[in-house]
J.: 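After the structure tokens below, expect a handful of questions from me.
Residue numbers start from 1 in every chain, and the chains themselves are labelled A, B, ... in the order their sequence lines are given, proteins ahead of strands. Since the model is a prediction, treat every value here as computed from it, not as a measurement.
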Amino acid sequence: MKQIINDLIAQALLELEQAAQIPPDLGHNVQVTPSKEPGQGDYASNIALMLAKSAAMPPRELAQLIADRIAGADAIGRIEVAGPGFINFFLASDASQSVINRILQQGEDFGRSRMGQGSRIQVEFVSANPTGPLHVGHGRGAAYGATLANLLSFVGYDVQREYYVNDAGRQMHILGTSTWLRYLELCGEEIDFPSNGYQGDYVWDIAADLHRENAERFHRPAAQAFADVSADAPAGDKEKHIDDLIDNAHGLLGEDEYGIIFDHALNTLVEVIRTDLHAFGVDFDRWFSERSLNDEGLIETAVTRLQDNGYVYEQGGALWFRSTDFGDEKDRVVRRENGQTTYFASDIAYHMNKFDRGFDKVINVWGADHHGYIARVKASLTALGYTADDLEIHLVQFANLFEKGEKISMSTRSGEFVTLRQLREDVGRDAARFFYVMRKSEHHMDFDLDLAREQSSDNPVYYLQYAHARICSVQRQCSEKGIEASAGPLNLACLDNSHEKALVKHLSLLPERIESAARRREPHLVVNYLRELANHFHSWYNAHQFIVDDAELRDARLALAAAVGQVMRNGLNLLGVGAPEKM
RNA sequence: GCGCUCGUAGCUCAGUUGGAUAGAGUGUUGGCCUCCGAAGCCAAAGGUCGUGGGUUCGACUCCCGCCGAGCGCGCCA
């Protein structure tokens with residue numbers, strides 16, 4: 001519809017130009033937006049205001065010229081000039097009401113579009129270190145990424161969902177060693193658990209598994225594990241302390257046995273994460289291992305390519321990438337003095353690999369604490385010869401959890417955190433998914449646990465679900481009473497009260513609102529749309545009876561209600577929220 | 001100190017990329033079930049859009065300066 005009006009305006013401008021009523025070459029950046037007020041028609045354009053200056057003509061006069069050219073077109077019922085020079089379009093009522101038939105006919109496909117034209121887009125999200133179960137801090141990225149991927153897929157992109165598993169590096173060794181130490185305790189050894197180790201109960205679980213399957217195989221005296229280990233905090237350096245313990249674990253167990261423990265901890269946690277996410281309605285097409293980058297020599301390839309392109313130099317025994325050439329604040333080390341490549345080097349290789357896989361667009365969803373890495377990653381892509389703009393990074397701000405008005409503080413290392421699983425079991429999957437995406441993702445948000453938990457009208461997710469359940473209930477009433485829609489086409493023209501007109505118009509907006517949400521990467525726009533839809537529906541419901549004696553009117557109203565239900569389902573489905581038939 | 005993200009009703013937040021009288025929810029106050037689900041509807045009240053300039057027909061939106069909040073500034077991952 002928007003496009004039709006767009007074309008009408010462009011055509012009018014062309015005609016005016018040819019009639020020499022306006023100067024040529026004004027540029028036709030036509031903007032048409034849905035009107036907010038019913039008194040301002042269905043759609044409005046500010047074109048006259050935009051062009052008034054270059055046309056050297058008062059905006060209202062120009063608007064009138066354009067309006068006169070368009071008046072009488074099909075689909076347009078009425079057209080008028082208003083305010084400082086807006087052109088308001090009132091659609092012919094049959095044109096707007098036809099959306100009901102379209103929705104019922106297209107069903108779950110209503111709102112789909114071909115905007116993406118099948119181009120390949122990758123969304124990488126969550127990617128939390130597998131050093132513990134996911135906590136509520138990861139939930140927002142999971143919900144945002146999953147919803148964004150759903151949206152992009154719905155508007156015609158070929159979407160791949162990926163999780164980057166950080167299965168290399170020091171944090172993983174800390175986890176492996178933490179597991180081993182707990183195992184030793186299960187073997188009867190008495191130890192002082194390192195302050196910098198992972199202290200959560202899940203480490204005990206993994207150690208217990210290990211002990212069940214391997215008995216005493218990895219048992220070494222605690223005295224040996226702690227031999228020559230420097231002091232722990234507060235007296236000593238907790239980082240040095242844990243590093244010494246890791247070295248001892250390697251030495252005492254040998255690479256093979258150490259590897260068994262390490263892999264067991266890693267695999268268990270990846271599986272825990274995968275299961276939790278699945279229960280949260282979030283699934284991935286690929287789990288990409290950081291270690292595989294090294295195994296396949298991709299890190300070397302990336303560093304060599306940077307070197308060949310002349311962006312690498314040596315200093316202090318380390319290899320540096322000159323990212324400052326591309327706007328980064330400082331240069332970055334890719335290979336340390338000790339010969340090991342850095343995490344950043346892995347990241348370069350990973351992104352190189354993403355583009356080599358042929359994606360047209362790559363989207364990363366990161367926690368806001370990673371914003372400092374954007375410049376260097378983009379710099380590396382430019383240096384490798386890729387188009388850095390094809391990498392989009394979206395930051396998701398943290399959600400502060402509130403309970404009884406108090407902020408809940410958390411720390412992964414100490415094991416004091418609310419897990420995503422606990423949240424889901426507490427407030428339910430629907431409320432959790434909904435709460436995470438109802439705010440703009442780049443804004444800080446407060447997650448009110450009491451509110452999410454509440455099974456009452458205060459909880460916004462029920463407002464939408466209730467609208468859907470109400471519609472289903474009406475449909476149940478009909479079948480119980482043996483009411484069936486009469487054969488033949490619907491007479492939608494009898495849907496003529498203000499509630500019905502507003503509702504019909506809102507339904508017709510879904511496709512463009514979905515496209516807008518996808519284009520802007522802002523799933524919360526879908527939430528806003530559905531909330532408005534529910535509002536229009538509830539108002540209508542309260543003002544009018546659907547099941548009336550007049551069969552023609554009843555059929556039309558039931559069709560409208562069914563269309564609302566369909567759109568609500570489609571929208572909630574994108575959000576990963578259920579649309580219950582009863583509550 | 002430098003950089004990033006922000007600042008809108010008492011509280012939590014929208015505001016369709018510069019448009020018409022800045023909107024919801026919640027909270028407060030008052031009304032609506034003899035009727036398809038009251039987890040709903042209707043109404044009242046609540047604002048110097050942090051602040052001071054600038055850009056223009058028009059600024060919550062764009063630019064600059066201040067004030068305030070969160071985060072980031074490792075040869076950690």
Side-chain angles (χ1 to χ4, degrees), chain A residues 31 33-37 39-40 44 46 49-50 52-53 58-59 82-86 88 129 131 166 168-174 239 290 315-320 329-330 332-338 340-344 346-347 367-375 395 397-398 400 402 405 438-440 442-448 451 454-463 465-467 469-478 481 509 512-513 516-517 519-520 522 524-525 527-529 531-532 534-535 537-548 557-558 561 582-583:
Chain A
Q31 287 180 25
T33 55
S35 306
K36 297 175 209 164
E37 304 277 334
Q40 293 169 2
N46 62 355
L49 290 160
M50 307 275 288
K53 196 166 190 179
F86 290 97
N88 292 335
N129 286 352
T131 51
N166 293 115
R170 179 164 171 267
Q171 294 304 325
M172 286 306 302
H173 287 291
I174 295 176
E239 305 288 350
E290 180 187 353
Q315 190 178 72
L319 272 190
W320 296 72
E329 292 173 356
K330 52 172 290 193
R332 310 289 173 178
V333 172
V334 289
R335 180 178 292 134
R336 287 180 263 169
E337 198 177 355
N338 66 12
Q340 288 186 331
T341 52
T342 59
Y343 173 82
F344 177 48
S346 297
D347 242 8
D369 55 336
H370 282 69
H371 65 72
Y373 298 89
I374 297 175
L395 299 176
Q397 291 287 344
F398 298 116
N400 289 317
F402 277 76
M438 74 179 172
R439 307 301 184 201
K440 202 169 183 173
E442 68 210 42
H443 283 30
H444 306 275
M445 76 171 243
D446 291 341
F447 193 123
D448 186 338
L451 182 59
E454 198 147 346
Q455 308 242 346
S456 80
S457 58
D458 293 342
N459 193 333
V461 69
Y462 291 115
Y463 186 71
Q465 294 184 318
Y466 182 56
R470 259 184 159 177
I471 292 165
C472 294
S473 172
V474 170
Q475 290 166 340
R476 276 195 300 276
Q477 297 277 337
C478 286
K481 290 177 183 170
L509 296 180
E512 62 199 57
R513 294 284 280 262
S516 175
R519 191 179 301 114
R520 292 166 54 175
E522 292 180 356
H524 76 282
L525 295 175
V527 174
N528 292 348
Y529 172 85
R531 208 202 304 260
E532 291 161 23
N535 186 12
F537 172 76
H538 285 308
S539 295
W540 177 48
Y541 184 94
N542 267 67
H544 301 281
Q545 195 80 12
F546 301 175
I547 304 176
V548 292
R557 285 186 172 163
L558 289 174
K582 286 182 186 174
M583 299 172 64

J.: Determine the Euclidean distance between corresponding C1' atoms of C63(B) and U55(B); express it in Å to zero decimal places.
T.: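 So the two C1' atoms sit 7 Å from each other.
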J.: Base, sugar-phosphate or nothing for Glu329(A)? Non-hydrogen atoms, less than 4.0 Å.
T.: sugar-phosphate
J.: P atom, C71(B) versus U61(B): distance in rounded Å?
T.: 27 Å
J.: So Leu49(A), base contact, sugar-phosphate only, or nothing? Heavy-atom distance under 4.0 Å.
T.: base
J.: Of the listed nucleotides (C13(B), C42(B), C36(B)), which one gets closest to any side-chain atom of Gln477(A)?
T.: C36(B)
J.: Could you give the distance separating A45(B) and G52(B) at their C1' atoms, to the nearest angstrom?
T.: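 Pairwise C1' distance, G52(B) against A45(B), rounds to 31 Å.
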J.: Using whole Å, what does the distance between atom P of nucleotide G3(B) and atom NE2 of His371(A) come to?
T.: 12 Å
J.: Just how far, in rounded Å, is P of A38(B) from CZ of Arg470(A)?
T.: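 Whole-Å distance recorded here is 5 Å.
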J.: Looking at every strand, decide which applies to Ser539(A) at a 4.0 Å heavy-atom threshold: base, sugar-phosphate, or nothing.
T.: sugar-phosphate
J.: Tell me whether Phe86(A) is stacked on the nucleobase of A20(B), counting only the six-membered base ring and applying the 5.5 Å and 30° thresholds.
T.: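 Stacked: ring centres under 5.5 Å, planes under 30°.
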J.: Could you work out the separation of C33(B) and A24(B) based on their C1' atoms and round it to a whole Å?
T.: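 Approximately 25 Å lies between the C1' atom of C33(B) and that of A24(B).
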J.: If the glycosidic angle sits within 90 degrees of zero it is syn, else anti. Tell me which applies to C33(B).
T.: syn
J.: In whole Å, what is the span from the CG atom of Asn46(A) to the C1' atom of A59(B)?
T.: 15 Å
